[in-house]
Amino acid sequence: MPDNGWPADRIDTENAHSARIYDYVLGGKDYYPADKEAGDAMVREWPAMPVHMRANRDWMNRAVRWLAESAGIRQFLDIGTGIPTSPNLHEIAQSVAPDSRVVYVDNDPIVLTLSQGLLASTPEGRTAYIEADFQHPEAVLGSAEFLETLDLDKPVALTVIAIVHFVLDEDDAVGIVRRLLDPLPSGSYLAMTIGTAEFAPKEVGRVAREYAARGMPMRLRTIDEAEEFFEGLELVEPGIVQVHKWHPDGTGEKDARDEDIAMYGAVARKP
């Protein structure tokens, strides 16, 4: 067991991991030397990468707050949670509605080890954590944590943030998201961010090559490909846009240029 409390026998410390790279670039502390090396290499290729990552995090904060305040959602299923960073999703939702319920899903043992911060719910609400690979939706939907925490007679917000760019075509990212959304009742929402290289193709392409060189190939999508995730759903205005353009509130990243942001974001209602 290393000093940071992670179970060394379950964690690959020699190779970089996407969640730990994200944590490092955002100024966190839960990473290993391989993650720092990878993050430094990527920022050299695209100096705007920290701006991009912070903008994605800011989008999550705004989208969850909108879902709780404007859409009245009280249940959330968060796919690909990543290393906890305050405010976490349940903290945002429960600051609006203390009775909000959140189920977190990730397959990284580091997230499981650090998950106590994800489970510190308000007395009125509830949080749960599922260690599962979201590419196998049935493992999520059939888990006791999911079935005991969320009431499928009431709307649920499915949040899939900064993860589908690690799902290649042969694994059918659209189909995976649809299988997670299908059991949720009418009035539920899908909130997603989707990686793209449309605004800085050379720079983001170089970052993608750095990820691929470390065993993490990426599938960056065009706006038309992003739209496929939302077919049959009712998009919330302004639709699918770069994350810094979705309901900006003057907080978070200021004066971000379009070429600094490689992520589309959108929220849509299930009829």
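Model, not experiment: these values are computed from the prediction.
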Please answer whether the main-chain N or O of [Y] pairs with a side-chain N or O of [X] as donor and acceptor at a distance below 3.5 Å.
X: T196; Y: T222; value: no
X: E45; Y: M42; value: no
X: S100; Y: Q75; value: no

Scan R65, H90, E69 and name whichever one has a side chain to side chain donor-acceptor pair (under 3.5 Å) with S95. R65
Among R126, E91, Q94, which residue satisfies the side chain to side chain donor-acceptor pair (under 3.5 Å) criterion with S121? Q94
Should F230 and I194 be marked as a side-chain contact (heavy atoms from CB on, under 4.5 Å) after you check the CA-CA gap, both sets of side-chain angles, and the distance that decides it? CA-CA 12 Å; F230 299 96; I194 301 164; 3.9 Å; yes
Show me the pairs that pass ring-ring contact (aromatic ring centres under 6.0 Å, His included) and involve residues 175-201, at least two apart or across chains. W66-Y189, F199-Y264
Looking only at heavy atoms, what is the nearest atom pair of [X] and [Y], with distance?
X: S188; Y: P155; answer: OG-CA, 3.5 Å
X: A128; Y: E145; answer: CB-CB, 4.1 Å
X: T13; Y: A34; answer: O-CB, 4.1 Å

Step by step, work out the side-chain contact (heavy atoms from CB on, under 4.5 Å) result for K270 and L190. CA-CA 8 Å; K270 181 178 179 179; L190 172 63; over 6 Å; no
Going by atom types alone, do N56 and Y22 pair a side-chain donor with an acceptor below 3.5 Å? yes
Verify whether one side chain among Y24 and D40 offers a donor that lies under 3.5 Å from an acceptor in the other. yes
Only counting residues at least two apart or in another chain, list the ones meeting salt bridge (Lys or Arg N to Asp or Glu O under 4.0 Å) with E138. R179
Cationic N near anionic O, under 4.0 Å, E210 to R44: no
Carboxylate-amine/guanidinium contact D151 R101, below 4.0 Å: no
Taking the side chain as every heavy atom from C-beta outward, state whether [X] and [Y] have any atom pair closer than 4.5 Å.
X: H247; Y: V236; result: yes
X: I161; Y: W59; result: yes
X: L67; Y: F76; result: yes
X: N107; Y: F134; result: no

Could you list the donor-acceptor pairs under 3.5 angstrom formed between side-chain atoms of residues 165-175 and any protein atom two or more places apart in sequence or on another chain?
residue: D169; atom: OD1; partner: R219; partner atom: NE; Å: 2.8
residue: D169; atom: OD2; partner: R219; partner atom: NE; Å: 3.2
residue: D172; atom: OD1; partner: G175; partner atom: N; Å: 3.0

For side-chain contact (heavy atoms from CB on, under 4.5 Å), just list the numbers for T127 and N88, CA-CA rounded to whole Å, side-chain angles, deciding distance to a tenth of an Å, and then say yes or no. CA-CA 11 Å; T127 63; N88 293 297; over 6 Å; no
Rounded to the nearest 0.5 Å, the CD1 atom of I223 sits from the CD atom of Q242 at a distance of 9.0 Å
